[in-house]
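Accompanying notes for the structure given below.
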Amino acid sequence: MSTFHSTRSSDEAFTSKQAIRKGIADDGGLFVTDALGETKIDISDLAGKSYQQIALTVLSVLLDDYTEEELSQCIAEAYGSQWSDERITPVKPLGNDFIMELFNGPTCAFKDVALQILPRLMARTTPADGDCDEKIMIVTATSGDTGKAALAGFADAQGTGITVFYPQGKVSRVQELQMTTQQGCNVNVCAVDGNFDDAQSTVKRIFGDRDLASRLEADAHVRLSSANSINVGRLVPQVVYYFSAYAQLLEQQVINVGDQVDFVVPTGNFGNVLAGYYAKLLGLPVRQLVVASDRNNVLFDFLTTGTYNSKRPFFETTSPSMDILVSSNLERMLYYMSERDPRMITYLMNDLAEWGTYEVPPEMLMEIRKVFATGWADEDQVREMIADCWDRNHYVIDPHTACGYFVMQQMPADPQVPRVLLSTASPYKFPRVVNEALGLKADGTDFECMDELHAKSGTPIPQMLRNLENAEVRFRDCVEVSDMGHYVEECADRL
């Protein structure tokens, strides 16, 4: 059976169930397994399989202490009628390239792929100390999409509660309403007077607060866990859609078994693209993973220079889910690229915490760049690409996907290697930005913008987004970053 340990120490070993329940290691590191890559997925067996069948194959390797029956139940519940396309993550032609839609779930963002199954995986874990009254409080910081997807997944889930923090004024209006109107007796939503990095860093500190953890366990029988991609249970389900994309390209006779594929991935916290790296280690013929950033291009600078520097201006862009300067999942990639050296990761993360920067050795950067390419788009280029994609392909993309589309257009195309762009969110989550880019009316409410986009493009409006106009706002709280821990404690007391 595979075991998991912190990226910063291999002293303690956990099963995948234990790692998912804990969310983050006690030393602040992220859970990884040294068994990754030992078992390969048979890609010759992918063609013709449903998404659910591929998910069972992949997750059985990555989460091998779950029984086949447990995983089958989780998969059936997570990938069913709540998806608007039975393929879950369909791959469609986009000119000479391809686009994989990750937004057909219940909250119209790629986070649904993982956050529909994480609560089911969590429900099949047990308390470490046998406390039958123990409840799990999910605490999550969101840059826009994770929050709603996590709320939708955990709302009214037995034995759990969820508290979501989002940066005040730094998510789209639709994203905010998706969260603040969430139904459920076990949910809490709170704005934070700061940016996403402030919120995420504080959530990590909350997880590391031993005194808080002791109080919550003693007073409320509550243990904290995470639904961000720092939780391995959020990360590994995303590996599945890379294999699904390959299977669909096989079925469409675009490739033969063994042919290589490039994936272009808009990302901020590095989880979406890290899942592609995991797929590569599991045997998927990935030639390159292209990291696409917005104006907050800290990942671009790191992948080109080897120096990660978070001490830089923070820009609010039209792609808020990528407005991140501290990319947490990079730590997992660095662990594997350092030949699985937890001491090096500890040094690097200590430098990041103390100085806001670190530098990897040149030979390590060379290995990283064999797998990861990179590019970024500014705000003008994002708008130009939304218009260009519509003009060329009659396909509407959101501003995050537009960052990837721009980077893909800058890359020299190899006719022998298909390129798949990951589309991370429905354009109807950002209707004003999209309408402005397309030259459509954009001076009304977001809902009027949705109607205008629908009328002029002929694309369907996801009903759950359109219904937000008349939904009751339940949550209006806003706290200082320093008060987040106290807010979590109050929510736990009510659980």
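The figures that follow rest on heavy atoms only: side chains count, while hydrogens, waters and symmetry mates do not. This chain uses plain numbering: 1 for the first residue, then up along the sequence.
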Exercise. Using 30° and 60° as the class limits, which term best fits the ring planes of F270 and F372: parallel, tilted or perpendicular?
Worked result: tilted
Exercise. Say you draw a straight line from CG of L325 to CZ of F315; how long is it, rounded to the nearest 0.5 Å?
Worked result: 9.0 Å
For this session: Would you please test D65 and T15 for side chain to side chain donor-acceptor pair (under 3.5 Å) and show each step?
Result: CA-CA 7 Å; D65 60 323; T15 66; 3.2 Å; yes
Exercise. Considering residues, nucleotides and ligands other than R494, do more than 12 of their heavy atoms fall under 6.0 Å from its CZ?
Worked result: yes
Exercise. Could you walk me through whether K111 and S321 pass the side chain to side chain donor-acceptor pair (under 3.5 Å) check?
Worked result: CA-CA 11 Å; K111 310 296 176 70; S321 298; 5.5 Å; no
Exercise. Should the pair F430 and H400 be assigned to parallel (<30°), tilted (30 to 60°) or perpendicular (>60°) ring geometry?
Worked result: tilted
Problem set entry | Stepwise side-chain contact (heavy atoms from CB on, under 4.5 Å) test for L59 and I117 | CA-CA 11 Å; L59 296 181; I117 196 169; 3.8 Å; yes
For this session: Evaluate the side chain to side chain donor-acceptor pair (under 3.5 Å) criterion for residues N296 and D323: first the C-alpha distance (whole Å), next the side-chain angles of each, then the deciding distance (0.1 Å), finally the verdict.
Result: CA-CA 6 Å; N296 293 291; D323 289 346; 3.0 Å; yes
For this session: Kindly say whether S50 contributes a backbone atom to a donor-acceptor pair with the side chain of Q53 at under 3.5 angstrom?
Result: yes
Exercise. Do T374 side-chain atoms and V291 backbone N/O form a donor-acceptor pair below 3.5 Å?
Worked result: yes
For this session: Evaluate the criterion side chain to side chain donor-acceptor pair (under 3.5 Å) for residue pair Y241 and N272; output intermediate values, then yes/no.
Result: CA-CA 10 Å; Y241 52 69; N272 202 7; 2.4 Å; yes
Exercise. Are E134 and R21 close enough, and set up right, to give a salt bridge (Lys or Arg N to Asp or Glu O under 4.0 Å), and what steps lead you there?
Worked result: CA-CA 12 Å; E134 182 181 276; R21 193 171 183 91; 2.9 Å; yes
For this session: Could you tell me whether E70 and R120 make a salt bridge, using a distance below 4.0 angstrom between a side-chain N and a carboxylate O?
Result: no
For this session: Apply the test ring pair (Phe, Tyr, Trp, His ring centres under 6.0 Å) to residues Y487 and F165: give CA-CA distance (whole Å), side-chain angles for both, the deciding distance (0.1 Å), then the verdict.
Result: CA-CA 10 Å; Y487 189 88; F165 294 103; 5.8 Å; yes
For this session: Find out whether F98 and R419 are in side-chain contact, i.e. whether some heavy atom of one side chain is under 4.5 Å from a heavy atom of the other.
Result: no
For this session: Verify, without hydrogens or angle tests, whether T146 (side chain) and T142 (backbone) share a donor-acceptor contact under 3.5 angstrom.
Result: no
For this session: For the residue pair L352 and V326, establish whether any side-chain heavy-atom pair is separated by less than 4.5 Å.
Result: yes
Exercise. Where the side chain of Q82 meets the backbone of G80, is there a donor-acceptor pair that is under 3.5 Å apart?
Worked result: yes
For this session: List the steps and the verdict of side-chain contact (heavy atoms from CB on, under 4.5 Å) for I206 and L212.
Result: CA-CA 8 Å; I206 289 170; L212 174 61; 3.7 Å; yes
Exercise. Would you say the ring centroid of F103 lies under 6.0 angstrom from that of F110?
Worked result: no
For this session: Check whether any side-chain heavy atom of T160 sits under 4.5 Å from a side-chain heavy atom of N186, and report yes or no.
Result: yes
Exercise. Do the side chains of S293 and V298 get nearer than 4.5 Å, heavy atoms only?
Worked result: no
For this session: Could you tell me the separation between the CD1 atom of I75 and the CG atom of L56, rounded to the nearest 0.5 Å?
Result: 4.5 Å
Exercise. Counting N and O atoms only, with roles assigned by atom type, does the side chain of T7 sit under 3.5 Å from a partner on the main chain of L30, one being a donor and the other an acceptor?
Worked result: yes
Exercise. Within the distance-only criterion (no hydrogens, no angle test), does the side chain of Y51 pair as donor or acceptor with the backbone N or O of P90 below 3.5 angstrom?
Worked result: no
Problem set entry | From CE (M337) to CG (L330), nearest 0.5 Å | 10.5 Å
Problem set entry | Cation-pi, F196 ring and K170 (6.0 angstrom, 45 degrees) | no
Problem set entry | side-chain contact (heavy atoms from CB on, under 4.5 Å) assessment of V164 paired with F475 | CA-CA 11 Å; V164 170; F475 302 100; over 6 Å; no
For this session: Could you pull out the closest heavy-atom pair between S229 and G271, with the gap in Å?
Result: OG-CA, 4.3 Å
Exercise. So, do T445 and M450 sit near enough that their side-chain heavy atoms are less than 4.5 Å apart?
Worked result: no
Problem set entry | Interatomic spacing from SG in C74 to OH in Y79 - rounded to 0.5 Å | 9.5 Å
For this session: Please name all residues satisfying side chain to side chain contact (heavy atoms under 4.5 Å, CB included) with D211, sequence neighbours left out, ordered by chain then number.
Result: D209, R215
Exercise. Would you call L216 and E489 a side-chain contact if the rule is heavy atoms closer than 4.5 Å?
Worked result: yes
For this session: Let me see the working for R432 and D446 under salt bridge (Lys or Arg N to Asp or Glu O under 4.0 Å), right down to the final yes or no.
Result: CA-CA 6 Å; R432 188 179 310 279; D446 276 16; 2.8 Å; yes
Exercise. Got a salt bridge between K49 and E251, using NZ or NE/NH1/NH2 to carboxylate O under 4.0 Å?
Worked result: no
Problem set entry | E490, CD: over 12 other non-hydrogen atoms inside 6.0 angstrom | yes
Problem set entry | Test item: D198 side-chain N/O and G194 main-chain N/O as donor-acceptor pair under 3.5 Å | no
Exercise. Out of curiosity, Y278 OH to R332 CZ, how far, rounded to the nearest 0.5 Å?
Worked result: 5.0 Å
For this session: Find out whether T163 and I138 are in side-chain contact, i.e. whether some heavy atom of one side chain is under 4.5 Å from a heavy atom of the other.
Result: no
Problem set entry | Shortest non-hydrogen contact from A292 toward M322 | O-CE, 3.3 Å
Exercise. Checking side-chain contact (heavy atoms from CB on, under 4.5 Å) for the pair V61/I41: CA distance, chi angles, key distance, verdict?
Worked result: CA-CA 8 Å; V61 172; I41 304 293; 3.7 Å; yes
Problem set entry | Flag, side chain of T401 to backbone of T424, donor-acceptor distance under 3.5 Å | yes
Exercise. Would you find a donor on one side and an acceptor on the other, under 3.5 Å apart, between the side chain of Q175 and the backbone of S172?
Worked result: yes
Problem set entry | Minimum heavy-atom distance between S6 and F31, given as atom pair plus value | N-CD2, 4.2 Å
Exercise. What are the two closest heavy atoms between R8 and I345, and how far apart are they?
Worked result: CG-CG2, 4.2 Å
Seminar exercise, completed: Note: L334 and M349 closest approach over all heavy atoms is CD1-CE, 4.1 Å
Exercise. Heavy-atom distance under 4.5 Å between the side chains of L94 and Y405, does that happen here?
Worked result: yes
Problem set entry | Sequence neighbours excluded, every pair satisfying side-chain hydrogen bond (donor to acceptor under 3.5 Å, both in side chains) that has a member inside residues 99-109 | S84-N104, K92-E101, E101-N104, E101-Y395, T107-D112
Exercise. T140 side chain to G147 main-chain N or O, any donor-acceptor pair under 3.5 Å?
Worked result: no
Problem set entry | Distance-only donor-acceptor check, side chains Q248 and S244, under 3.5 Å | yes
Seminar exercise, completed: Nearest heavy-atom approach of P237 to V113 is O-CG1, 4.1 Å
Problem set entry | R124: partners by salt bridge (Lys or Arg N to Asp or Glu O under 4.0 Å), with sequence neighbours left out | E77
Exercise. For the atom pair CG (L468) and CE (M179), what is the distance rounded to the nearest 0.5 Å?
Worked result: 11.0 Å
